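All remarks here apply to the structure that follows.
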Amino acid sequence: MGFKEKVFSAVKMIPKGETMTYGKVAEIAGNSMAARAVGNILNKNKNLIIVPCHRVVRSDGRVGGYAGGTKKKIKLLKSEGLEIKSGKIILT
DNA sequence: GCTCTGACGATTT
DNA sequence: GAAATCGCCAGAG
């Protein structure tokens, strides 16, 4: 199984209403410092429906990017009950 | 098979 | 504390 396959598996296992950092996904995928590659893979595949990639956020609390637009990503996250302030996720 | 790209991350200024 | 810089990796051209 390639690295990207592992990434998809990790993202798919994120429960609704929860978020995971790119670094964490990368770690599960096999490389804890491949966070950059993780985002790159999701972007190129842009499987917004197959995988809930909108639950993947940055380590600094920012939402990060999204193939369908960061705005849409924030919208989706808020829809799942997450609190976002100025593009930053509030973990309670 | 080499080079560029990019939804990141930690450090330094 | 915010902004810029360097470093990292895997995919695609």
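Remember, predicted model here, so these are calculated numbers, not experimental data. Values below: all heavy atoms of this structure, side chains included; hydrogens, waters and symmetry mates excluded. Lettering of chains follows the sequences in order, A, B, ..., and the numbering in each one begins at 1.
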Roughly how many Å is it from [atom1] in [X] to [atom2] in [N], rounded to a whole number?
X: A:L42; N: C:dA10; atom1: CG; atom2: P; result: 15 Å
X: A:K6; N: C:dG11; atom1: NZ; atom2: P; result: 11 Å
X: A:R55; N: B:dA7; atom1: CZ; atom2: C1'; result: 17 Å
X: A:R62; N: B:dA10; atom1: CZ; atom2: C1'; result: 16 Å
X: A:D60; N: B:dC8; atom1: CG; atom2: P; result: 9 Å
X: A:M33; N: C:dC9; atom1: CE; atom2: P; result: 5 Å
X: A:M20; N: B:dG9; atom1: CE; atom2: C1'; result: 17 Å
X: A:N31; N: B:dG9; atom1: CG; atom2: C1'; result: 13 Å

> So, A:R58 and A:D60, do they make that salt bridge, N to O below 4.0 Å?
Replying inline: yes
Nearest of [options] to any side-chain atom of [X]?
X: A:R58; options: B:dG6, B:dC8, C:dA12; value: B:dC8
X: A:K44; options: C:dG11, B:dA7, B:dA10; value: C:dG11
X: A:C53; options: B:dG9, B:dA7, C:dC9; value: B:dA7
X: A:K73; options: B:dA7, B:dG6, B:dG9; value: B:dA7
X: A:A37; options: C:dA10, B:dA7, B:dG9; value: C:dA10

> Which distance, rounded to the nearest 0.5 Å, do you find between the NZ of A:K75 and the OG1 of A:T70?
Replying inline: 14.0 Å
> Rounded to the nearest 0.5 Å, what separation is found between the NZ atom of A:K78 and the CD atom of A:E83?
Replying inline: 9.0 Å
> So, for A:R62 and A:V57, which heavy atoms are closest and what is the spacing to 0.1 Å?
Replying inline: O-CB, 3.5 Å
>> Minimum heavy-atom separation for A:N43 and A:A67, please, with both atom names.
In response: OD1-CB, 4.2 Å
>> Using heavy-atom distances to pick each residue's nearest nucleotide on DNA chain C, tell me which of A:N45 and A:A34 is more 5'.
In response: A:A34
>> Does a side-chain N or O of A:N40 approach OP1 or OP2 of B:dG6 to a distance below 4.0 Å, or not?
In response: no
>> Tell me whether the side-chain N/O atoms of A:S59 come closer than 4.0 Å to OP1 or OP2 in B:dC8.
In response: no
>> Can you tell me whether the side chain of A:R36 and the base of B:dG9 have a donor-acceptor pair closer than 3.5 Å?
In response: no
> Ignoring hydrogens and angles, does a donor from either the side chain of A:Y22 or the base of B:dA7 sit under 3.5 Å from an acceptor on the other?
Replying inline: yes
